Amino acid sequence: MQSIWNGAISFGLVSIPVKLANATVSHAVSFRQIHTEDGGRIRYRKVCELEEKEVPSSEIGKGFEDADGSIIPITEEDLASLPLPTTRTIDIVAFVESERIDPLQMGNAYYLMVNGAPAAKPYALLREALRRSERVAIAKFALRGRERLGMLRVVDEVIAMHTLHWPDEIRSPEEAAPETDVTVRDAELDLADALMDTLGDVDLDSLHDDYREAVEEMVTAKVEGREPAPEKEPAQGEGTVIDLMSALESSVREAKRSRGEGEGEDAGENGGESGEKGKDAEVTSLSSRRRTGTRAESSTGSGSGAKKKSAPARKKAAGGSGSGKSAASSSRGKSGSGRSSTAKKTASSGSGTKKTASSPTTKKKTASARKRSA
């Protein structure tokens, strides 16, 4: 691994000689500028404005432009003589919890490698101290002509360092926030949770650059003299979201289809009526809910009508469930007022439960009424 900086970590009175190497590598596709008329390469040439001729890199130095436009030459010797302890040293100034570091501050990542066998012992000491304390080290160092802020942490068996932006370099997020007040409903949050649960976790190692692969395939096709593969159709729903609920529901269904899962029942009606967020997040479309509600109302209405229609039938059945003597007494009671009164009592008892219609007390009263009428 090629180093880009040599120096030492200053850890109190302990000095650890290290080399700095890039921890990341870019695989982005790079293009060259060409003349579209003939395909000729377009290059940038470094030209001196006074002599109007190209200058080689060996004759190019640094200069500071003053307010009046004049240039003040700055040599490497001038920079090396600056009274800064961080010129060749990563000076640790504090140890803090990693949660205190805002990800917005983090920049490039580097690996710190031991520079020589004697540095292995103090290097391992600092590494294990960071690991056991579960903290990170904040350090200052100079790189590429400027002093920088860094964060040291343990990655496997290596100490890694991330450059940090100075606190005054972080812009305030207030200017980027929406200017209008927006109210987010619980139903929308429930669907957003359902979409998050459906997408689930991911193995970060499985992610790759689709754009780079498409560009490489296109270049290969041009070299081989064949047509590139047809482009994929853009996903539907791009642009302004008009119906947020419908967009969320469609997103959940699409995520399930991409994972090979079948569409299930709604895990919670709008607003979380079920009150259980821990269940499977399965969402039914709004139109389905409306149709379900309509069927429920119609079935309720037909059920109430059936109850009304069945009421006379139950009365008849209840009346018929009495003893045969009671029924005979009721039919004979049409010819006399006493019999009519007895029939009414019998019918009244028959309209109740079956126990009342067939109780011994009712039978005694009916028998007594037949004796009086005789």
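Keep in mind that this is a model prediction, so the values were computed, not measured. One-based numbering along the sequence shown.
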* When you measure from the side chain of Asn22 to the backbone N and O of Thr24, does any donor-acceptor pair fall under 3.5 Å? -> no
* Asked: Is any side-chain N of the basic residue among Glu216 and Arg212 closer than 4.0 Å to the acidic one's carboxylate O?
  -> yes
* May I have the step-by-step check of side chain to side chain contact (heavy atoms under 4.5 Å, CB included) for Met1 and Lys19, ending in yes or no? => CA-CA 10 Å; Met1 190 175 293; Lys19 296 185 292 184; over 6 Å; no
* Under a 4.5 Å cut-off applied to non-hydrogen side-chain atoms, are Ile92 and Ile138 in contact? -> no
* Do the side-chain N and O atoms of Asp68 and Ser70 include a donor-acceptor pair separated by under 3.5 angstrom? -> yes
* Asked: Would you find more than 12 non-hydrogen atoms of other residues, nucleotides or ligands less than 6.0 Å from Phe31 atom CZ?
  -> yes
* To do: Check whether any side-chain N or O of Arg131 sits under 3.5 Å from a backbone N or O of Asp156 as a donor-acceptor pair, and report yes or no.
  => yes
* **Cluster link Met106 to Leu104, ILVMFWY, side chain under 4.5 Å** => no
* **Residue pair Val93 / Lys140, side-chain heavy-atom distance below 4.5 Å** => yes
* Find out whether Leu191 and Glu249 are in side-chain contact, i.e. whether some heavy atom of one side chain is under 4.5 Å from a heavy atom of the other. => yes
* Near Arg32 CZ, under 6.0 Å, is it more than 12 heavy atoms from other residues, nucleotides or ligands? -> no
* Using modelled atom types only, decide if a donor and an acceptor are shared between the side chain of Glu54 and the backbone of Val47 within a distance under 3.5 Å. => no
* Asked: Judged by atom type as modelled, is there a donor-acceptor pair below 3.5 Å linking the side chain of Glu188 to the main-chain atoms of Arg185?
  -> yes
* If you group Ile, Leu, Val, Met, Phe, Trp and Tyr by side-chain heavy-atom gaps below 4.5 Å, do Val29 and Met218 land in one group? -> yes
* To do: Taking Arg148 for its side chain and Leu143 for its backbone only, find out whether a donor-acceptor pair lies under 3.5 Å.
  => yes
* What's the spacing between Asn6 CG and Arg88 CZ if we round to 0.5 Å? -> 6.5 Å
* To do: Decide whether Tyr110 and Ile16 are clustered together by the hydrophobic rule: side chain heavy atoms of Ile, Leu, Val, Met, Phe, Trp, Tyr closer than 4.5 Å, transitively.
  => yes
* Minimum heavy-atom separation for Val114 to Ala119, with atom names? -> CG1-O, 3.9 Å
* Once you round to the nearest 0.5 Å, how far does CG of Leu204 lie from CG of Asp201? -> 7.5 Å
* To do: Report, as yes or no, whether the 6.0 Å neighbourhood of atom CZ on Arg100 holds more than 12 heavy atoms from other residues, nucleotides or ligands.
  => no
* Just wondering, do Thr220 and Arg226 contact through their side chains at under 4.5 Å, heavy atoms? -> yes
* **Over all atoms of both residues, closest heavy-atom pair of Ala137 and Leu130** => N-CD2, 3.9 Å
* Structure fact -> When rounded to the nearest 0.5 Å, the distance separating CD1 of Ile159 from CD1 of Ile90 is 9.5 Å
* Asked: Taking C-beta and beyond as the side chain, do Tyr111 and Leu20 meet within less than 4.5 Å on heavy atoms?
  -> no
* Ser250 (side chain) donor-acceptor with Ser246 (main chain) under 3.5 angstrom -> yes
* Taking Asp197 for its side chain and Ala194 for its backbone only, find out whether a donor-acceptor pair lies under 3.5 Å. => no
* To do: Give the C-alpha distance, both sets of side-chain angles, the deciding distance and a yes or no for salt bridge (Lys or Arg N to Asp or Glu O under 4.0 Å) between Arg146 and Glu169.
  => CA-CA 14 Å; Arg146 53 175 294 209; Glu169 293 179 331; 3.5 Å; yes
* To do: Measure from the side-chain N and O atoms of Tyr211 to the backbone N and O of Ala28, and report whether any donor-acceptor pair falls under 3.5 Å.
  => no
* To do: Taking all non-hydrogen atoms of both residues into account, name the closest pair between Ser15 and Ala8 and its distance.
  => OG-CB, 3.6 Å
* Asked: Which pair of heavy atoms, one from Ala160 and one from Val155, lies closest together, and at what distance?
  -> CB-CG2, 3.8 Å
* CD on Glu134 to OG on Ser98, rounded to 0.5 Å -> 8.5 Å
* Hey, are the side chains of Asp102 and Ile170 touching, using non-hydrogen atoms and a 4.5 Å cut-off? -> no
* Residue pair Leu164 / Ile101, side-chain heavy-atom distance below 4.5 Å -> yes
* Inspect the contact between Glu97 and Arg153 and indicate whether a charged nitrogen and a carboxylate oxygen are less than 4.0 angstrom apart. => no
* Can you name the nearest heavy-atom pair linking Thr89 to Ser10, along with the distance? -> CG2-CB, 3.5 Å
* Check: Trp5 side chain, Val18 main-chain N or O, donor-acceptor pair, under 3.5 Å -> no
* For atom CD of Glu224, decide whether the heavy atoms of other residues, nucleotides or ligands shown that lie under 6.0 angstrom number more than 12. => yes
* Distance in Å, Asp190 CG paired with Leu195 CG, rounded so as to fall on 0.5 Å steps -> 12.5 Å
* Asked: Is Tyr123 linked to Met113 within one hydrophobic cluster, defined over Ile, Leu, Val, Met, Phe, Trp and Tyr using a side-chain heavy-atom separation of less than 4.5 Å?
  -> yes
* Do other residues, nucleotides or ligands put more than 12 heavy atoms under 6.0 Å from Asp181 CG? -> no
* Do any N or O atoms from the side chain of Ser3 and from the backbone of Ala21 form a donor-acceptor pair under 3.5 angstrom? -> no
* Asked: Do Trp166 and Met161 sit in the same hydrophobic cluster, where Ile, Leu, Val, Met, Phe, Trp and Tyr count as joined when their side-chain heavy atoms come under 4.5 Å apart?
  -> no
* Supply the atom-to-atom distance Ile9 CD1 to Asn115 CG, rounded to the nearest 0.5 angstrom. => 11.0 Å
* Around Met196, counting heavy atoms of other residues, nucleotides and ligands shown, do more than 12 lie under 6.0 Å from its CE? -> no
* Do the non-hydrogen side-chain atoms of Asn108 and His162 ever get within less than 4.5 Å of each other? -> no
